[in-house]
There are 2 protein chains.
Amino acid sequence: MISKPELSIPEPTLRRLPRYYNYLKELLKVGREIVSCTHIGKDLDLDPPQIRKDLAFTGIRGVPKVGYQVEVLLKSIEDFFGWNNIDEAFLVGAGNMGRALIGYQGFSRYGFKIIAAFDNAPEIIGQTINGVEVLPLSKIKSLCKRMNVKIGVIATPAHAAQEVAEMMIAGGIRGIWNFAPAEIRAPEGVIVQNENLATGLAVLCKKLQMLQQSGKFRQEVEK
Amino acid sequence: MISKPELSIPEPTLRRLPRYYNYLKELLKVGREIVSCTHIGKDLDLDPPQIRKDLAFTGIRGVPKVGYQVEVLLKSIEDFFGWNNIDEAFLVGAGNMGRALIGYQGFSRYGFKIIAAFDNAPEIIGQTINGVEVLPLSKIKSLCKRMNVKIGVIATPAHAAQEVAEMMIAGGIRGIWNFAPAEIRAPEGVIVQNENLATGLAVLCKKLQMLQQSGKFRQEVEK
DNA sequence: GTGTAATCGAGAAAAATTTATCGATAAAAA
DNA sequence: TTTTTATCGATAAATTTTTCTCGATTACAC
Ligand SMILES: NC(=O)c1ccc[n+]([C@@H]2O[C@H](COP(=O)([O-])OP(=O)(O)OC[C@H]3O[C@@H](n4cnc5c(N)ncnc54)[C@H](O)[C@@H]3O)[C@@H](O)[C@H]2O)c1
Ligand SMILES: NC(=O)c1ccc[n+]([C@@H]2O[C@H](COP(=O)([O-])OP(=O)(O)OC[C@H]3O[C@@H](n4cnc5c(N)ncnc54)[C@H](O)[C@@H]3O)[C@@H](O)[C@H]2O)c1
C-alpha cells in the first residue's frame, strides 16, 4: 500500500498543533509522563475528540484508558513538522520588529533560524544583532542562491514589501513570512504567510465591544 | 422590530475585514473612488460573494453594476470596529517585542494606543520608549483602575504571563492581547487573544514541506 | 428608449470543520 | 476473575463557512 503524501491537513489543525506542543513541553517540565485528550481538553478548553483527531494527523496512536506518552507525543509532532532539521531563513528590514525576530531564541524550538538580515539603510548595514549580520539588500539574491535559503521574512514597511518579495523569489525563496500589512503577489509555488498583527487586535477589540453591548442589552431587557 | 446586538459574526469574517481595510486604504491612495467585489476579489484572491457577505456585516449596501464607494466603505468598516474612539492599553514586558509594539505607529489606524508600559527589571523601569514611560509592574493594578484601562498587552516571557494577566484582571482589564506562548486562564467575561507567531511559522514551514513532497511525489509518478 | 453587461443581495447548495455517538480496549477495583 | 470506568478510534451528525445560483438593479452603448 502506498503511503500517500498527505496533502489535505485542515489548516485549523495545523494551527492548533503548535499550541499542543507548547502545552506538552510545559507538562514535561512539570514531570508529567502521560496525558489524555480529556486532560488536554480541560486545560486548553477544547473538545477531546477534536484533539484526538488533530493528534492523529501526526500519526500517533493512543492507548485506551491511558492516553498518550507526553514524550512520544512531542516527538510525533516534531517529526510531523520536521522540526529536527533546521530551516535557515533570511530577514529583510532590521527595524524594531525585525530586531525582535532576529533576537528571539524561541523559534529554535520550531527548527527555524534567521541566519542573516538585510536592509537598505546605510546606518543599519554592517551592524550585528545577536550574532546576525545586517547586509545590504542588494546582496540578497546571490546569497539566497549560494546558501540555498528557501525561507524569507519581510519586516520592512508595507510599501517595500512587494519589491523585497520579488528579490527573494528571484533568489529562489519559496516561503515568505510577511509582517508588513501589504498584499504580496507571488507566482504559484511560492507560499506567502501573512502575519498581520492588526487582525488579532481587531478581533480582540470587536469581541470586547460585542461583550459590552450584549451586557448593556441584557441590562436593558432586565429593566 | 428590535435591532438585536449582532453577537454572531463569523470569526473568519472578522479576520478578513482588517485586510479589506488595508487594501481599500491603498486604493484610496492611488485615487480610486469606486470598487466592486469582483475587483477586490481579483486583487485579494478571494471569491466575490464572500467579500460581499463580509462587507454586508458592516452594514453597507452596494450599488449593482457599480460596487461600493471606497471612502464610504472604509468609514463603514471603521464604524463597525469602532476605530474612531481610541482604546487605550497598557503593555507589560518592555523587551524586544514590547518595544516594537510600543514604537509602532500603525496601530493608531485601528483606534489602539499603548499609553504606558510596565516591567519588573530595575534597569528598564524609568525608561521612556517613544514617549511611553516604563513603570514598575507593582503599579499596574491601581493605574488600571484610576485610568479605566480595559486592554492589556502581555509581552513578558511565558512563565510570567499568568501572573501578569491576573494583575491586569484585578485592575479591571477585560481584554488581553497575549504574545507569550502560554495558556492564560481567565474568568468568564475576560477575553484573551493569543498572538502566537510560531503558529504562522509552523503553518508556513509545513505547507512548504508538503509542497516539496508533492513535487517529489509527482516526479516519481512521472518516471 | 431598448438592449446588453456587470454587479448586487438573498438564499440554496456544497464543503469543511467541529461536535457527538458508539463499540472496543485496557487499567483498576471489587 | 469479573465488573466498572476511562479513554481510544472510527464514524455519524451538526454546525459553520464557503461557494454557487438566480432574479433584480443600474450604467452604458446603440
Ligand atoms: N513594530 C510593530 O510592532 C509592528 C506591528 C505590526 C506590523 N508591523 C510591520 O512590520 C514592518 C516593520 O515594522 P517596524 O516597526 O520594524 O518598522 P521600522 O521602521 O522600525 O523598520 C523597518 C526597517 O526596514 C528597513 N527598510 C525600509 N525600506 C526598505 C527596503 N526597501 N529594503 C530593505 N529594508 C528596508 C528600514 O531601514 C528599517 O530598518 C512594517 O511593515 C510594519 O507595518 C510592525
Ligand atoms: N521577540 C520575538 O520576536 C518574539 C516572537 C514570538 C513570541 N515572543 C514572545 O514575546 C514575549 C517577549 O519576548 P521578547 O523577545 O520581547 O523577550 P525579552 O526578554 O526581550 O523581554 C521580556 C521583558 O519582560 C520583562 N519581564 C520578565 N518577567 C517579568 C515580569 N514578571 N513582570 C514584568 N516584566 C517582566 C523583562 O524584564 C523584559 O523586559 C515572550 O513571551 C516571547 O516568547 C517574542
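So that the names make sense, note that chain A is the first sequence line, chain B the second, and so on, each numbered from 1. None of the values given here were measured: they were computed from a predicted structure.
Every salt bridge (charged side-chain N to carboxylate O under 4.0 Å, His left out) that A/Lys75 has, sequence neighbours left out, goes to A/Asp79. Applying the ring-ring contact (aromatic ring centres under 6.0 Å, His included) rule to B/Phe80 yields no partners; only residues at least two apart in sequence or on another chain are considered.
Taking a cutoff of 4.0 Å between a charged side-chain nitrogen and a carboxylate oxygen, B/Arg185 and B/Glu166 do not qualify as a salt bridge.
Atoms CD1 and NZ, from A/Ile169 and A/Lys141 in turn, are 12.0 Å apart once rounded to the nearest 0.5 Å.
Rounded to a whole Å, the CZ atom of B/Arg52 is 15 Å from the P atom of C/dG11. B/Ile34 places its CD1 atom 14 Å from the C1' atom of C/dA6, with the value rounded to the nearest Å. The nearest whole Å value for the distance from the CZ atom in A/Phe57 to the C1' atom in C/dT17 is 10 Å. Whole-Å rounding puts the B/Gln69 CD to C/dT7 P distance at 16 Å. Per the geometry, CD belonging to B/Gln50 stands 16 Å off C1' belonging to C/dA13, to the nearest Å. Distance A/Lys65 NZ to C/dA28 P: 7 Å, rounded to the nearest Å. Remark: C1' of C/dA16 and CG of B/Asp47 are 14 Å apart, rounded to the nearest angstrom. Between the CD1 atom of B/Ile51 and the P atom of C/dC8 there is a distance of 9 Å, given to the nearest Å.
In this model, a donor atom of one side chain and an acceptor atom of the other lie less than 3.5 Å apart for A/Gln209 and A/Lys206.
Side-chain atoms of B/Leu91 and B/Phe118, non-hydrogen and from C-beta on, never get closer than 4.5 Å to each other.
Running 5' to 3' along DNA chain D, contacts with non-hydrogen atoms of chain B at under 4.0 Å begin and end at D/dT17 to D/dA27.
If you check every strand for non-hydrogen atoms under 4.0 Å, A/Pro10 touches sugar and phosphate atoms only. Counting non-hydrogen atoms under 4.0 angstrom, A/Pro49 reaches a base of the nucleic acid.
Looking at which nucleotide of DNA chain D each of B/Arg16 and A/Gly67 is closest to, the 5′-most match is held by A/Gly67. Each of B/Thr38 and B/Ala56 was assigned the nucleotide of DNA chain C with the nearest heavy atom; the assignment lying further toward the 5' end belongs to B/Thr38. Along DNA chain C, the nucleotide nearest A/Val63 and the nucleotide nearest A/Thr13 are compared for position; the residue whose nucleotide lies closer to the 5' end is A/Thr13.
Relative ring orientation between A/Phe81 and A/Trp83 is described as parallel, the plane-to-plane angle staying below 30° on a 0-90° scale split at 30° and 60°.
Here the side chain of A/Lys53 is nearest to one of C/dT19, C/dG9, C/dA26, namely C/dT19.
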